[in-house]
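Remarks on the structure that follows.
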Amino acid sequence: MTDLSLPNLPGGLPDKRQVAASFSRAAASYDSVAELQRTVGSQLLARLPADCAPARWLDLGCGTGYFSRALGQRFTTGEGLALDIAEGMLNHARPLGGASHFIAGDAERLPLQDASCDLLFSSLAVQWCADFKSVLSEANRVLRPGGVLAFASLCVGTLYELRDSWRQVDGLVHVNRFREFSTYQQLCADSGLKVLSLQSRPHVLHYPDVRSLTHELKALGAHNLNPGRPGGLTGRARIKGLIDAYEQFRQAQGLPATYQVVYAVLEKP
Ligand SMILES: C[S@@+](CC[C@H](N)C(=O)[O-])C[C@H]1O[C@@H](n2cnc3c(N)ncnc32)[C@H](O)[C@@H]1O
């Protein structure tokens, strides 16, 4: 079973090299288990302004490039860029096309010129960025006036059933940390970009058992990578405790896993 362990220590998000390595390892299995990613990215696409017609767009944290291809189909006349920190994801995405250029890079330090893009689209990537303020200031820098940043991310409340179940087992927090929705609101308000919309919406998936959920998180490369997570094997008694605790959440459709999704559309004045 995937160890989603993490002591509840103050501290940042996972080390970037670990994030890149974890997503690179997950590239081959990612698409088969990416139901949430597909739904969220599609909803983000639907939130783009109706008159959005970028001459140059960027898929920020493109992963396997599913939405780079969707953007390429939607904006047939624009030039598309797809960027990710994980080389393994880019190697998977590149042969499938969609964008003209696949670029290894970090959302917190974009390897792009000032005022060079009209649309930054980013679905379920920036929750991995510890310094979201830098992501916003980079977006502000590379967007042309009138350009749009549309992102979907995760906030506190995500995987709360798993977090609470682990807490009942050993009093520790075992799930990746997420920013508060109010932090997204504050950082967006202070970004210099105009907030056109900013909402959080719960999205609940169901699993037959705890093992299916933790396997899926691993296949997505999204299992816990926070600093200070306990290493080594997870004991049988702890796993049984986790399963028993999670069963208390069971619904008719199965075991619920809630994702609290932030959707935002911002415009450069
Ligand atoms: C959950 S996947 C989403 C991929 C894609 N946007 C989708 O919706 O299918 C998150 C992606 O963000 C990338 N990522 C994480 N931190 C990043 C960073 N600082 N800069 C760029 N990409 C990053 C990961 O490598 C991974 O491919």
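Whatever order the structure lists them in is the order used to number ligands and atoms, beginning at 1. Predicted model, so just to flag it, every value in this text is computed and none were measured. Any value given below was found using the heavy atoms of this structure, including those in side chains, with hydrogens, waters and symmetry copies removed.
Atoms of ligand 1 found under 4.0 Å from any heavy atom of Val19 (numbered from 1 in listed order, with element): 15 (C), 16 (N). In summary, the atoms of ligand 1 found under 4.0 Å from a heavy atom of Leu124, numbered by their order in the structure, are 1 (C), 2 (S), 3 (C), 10 (C). Taking every non-hydrogen atom of Ala107 and a distance limit under 4.0 Å, the qualifying atoms of ligand 1 come out as 18 (C), 19 (N), 20 (N), 21 (C). Below 4.0 Å from some heavy atom of Asp106 lie the following atoms of ligand 1, by number and element: 18 (C), 19 (N), 20 (N). Near Phe67, the atoms of ligand 1 lying under 4.0 angstrom from a non-hydrogen atom of the residue are 8 (O). Below 4.0 Å from some heavy atom of Gly63 lie the following atoms of ligand 1, by number and element: 4 (C), 27 (O).
In this structure, Gly105 has a heavy atom closer than 4.0 Å to ligand 1. Within the 4.0 Å heavy-atom shell around ligand 1 one does not find Tyr66. Judged by the shortest distance from any of its heavy atoms, Gly41 lies outside the 4.0 Å radius around the atoms of ligand 1. In this structure, Met89 is part of the shell of residues with a heavy atom less than 4.0 angstrom from ligand 1. Within the 4.0 Å heavy-atom cutoff, Ala34 does not count among the residues contacting ligand 1.
Taking the side chain as every heavy atom from C-beta outward, Tyr259 and Val204 never approach each other to under 4.5 Å. Side-chain atoms of Leu149 and Phe121, non-hydrogen and from C-beta on, never get closer than 4.5 Å to each other. Between Arg74 and Leu45 there is a side-chain heavy-atom pair separated by less than 4.5 Å. In this structure, Glu216 and Tyr207 have side chains that are in contact, with non-hydrogen atoms separated by less than 4.5 Å. Contact of the Phe249 side chain with the Tyr160 side chain is registered, since non-hydrogen atoms from C-beta on lie closer than 4.5 Å.
Contacts of Ala125 with ligand 1, taken as heavy-atom pairs under 4.0 Å, involve both backbone and side chain.
In this view, Phe102 satisfies the ring pair (Phe, Tyr, Trp, His ring centres under 6.0 Å) rule with no residue, not counting sequence neighbours. In this structure, Tyr66 has no ring pair (Phe, Tyr, Trp, His ring centres under 6.0 Å) partners at least two apart in sequence or on a different chain.
Considering Val126, Leu124, Val262, Leu159 as possible partners of Leu154, the one that fulfils the side-chain contact (heavy atoms from CB on, under 4.5 Å) test is Leu124.
When Phe121, Trp128, Phe23, Phe151 are checked for heavy-atom proximity to atom 24 (C) of ligand 1, Phe23 turns out nearest.
Atom 8 (O) of ligand 1 has as its closest protein heavy atom Ser123 O, 3.5 Å. Remark: minimum distance from atom 4 (C) of ligand 1 to any protein heavy atom is reached at Gly61 O, 3.4 Å. At the top of the distance list for atom 2 (S) of ligand 1, counting protein heavy atoms only, stands Tyr30 OH, 3.4 Å. Looking only at protein heavy atoms, the nearest one to atom 27 (O) of ligand 1 is Asp84 OD2, 2.7 Å. Of the protein's non-hydrogen atoms, Ile85 CG2, 3.6 Å is the one closest to atom 17 (C) of ligand 1.
With hydrogens and angles left out, the side-chain atoms of His203 and Gln43 include no donor and acceptor closer than 3.5 Å.
At a threshold of 4.5 Å between side-chain heavy atoms, the hydrophobic network of Ile, Leu, Val, Met, Phe, Trp and Tyr places Leu120 and Ile103 in one connected group. Using a 4.5 Å cut-off between side-chain heavy atoms of Ile, Leu, Val, Met, Phe, Trp and Tyr, with links allowed through other members, Leu255 and Trp166 fall into the same hydrophobic cluster.
Counting non-hydrogen atoms of neighbouring residues, nucleotides and ligands closer than 6.0 angstrom, the CZ atom of Arg109 reaches no more than 12 such neighbours.
Geometrically, ligand 1 and Gln127 share no nitrogen or oxygen pair separated by less than 3.5 Å.
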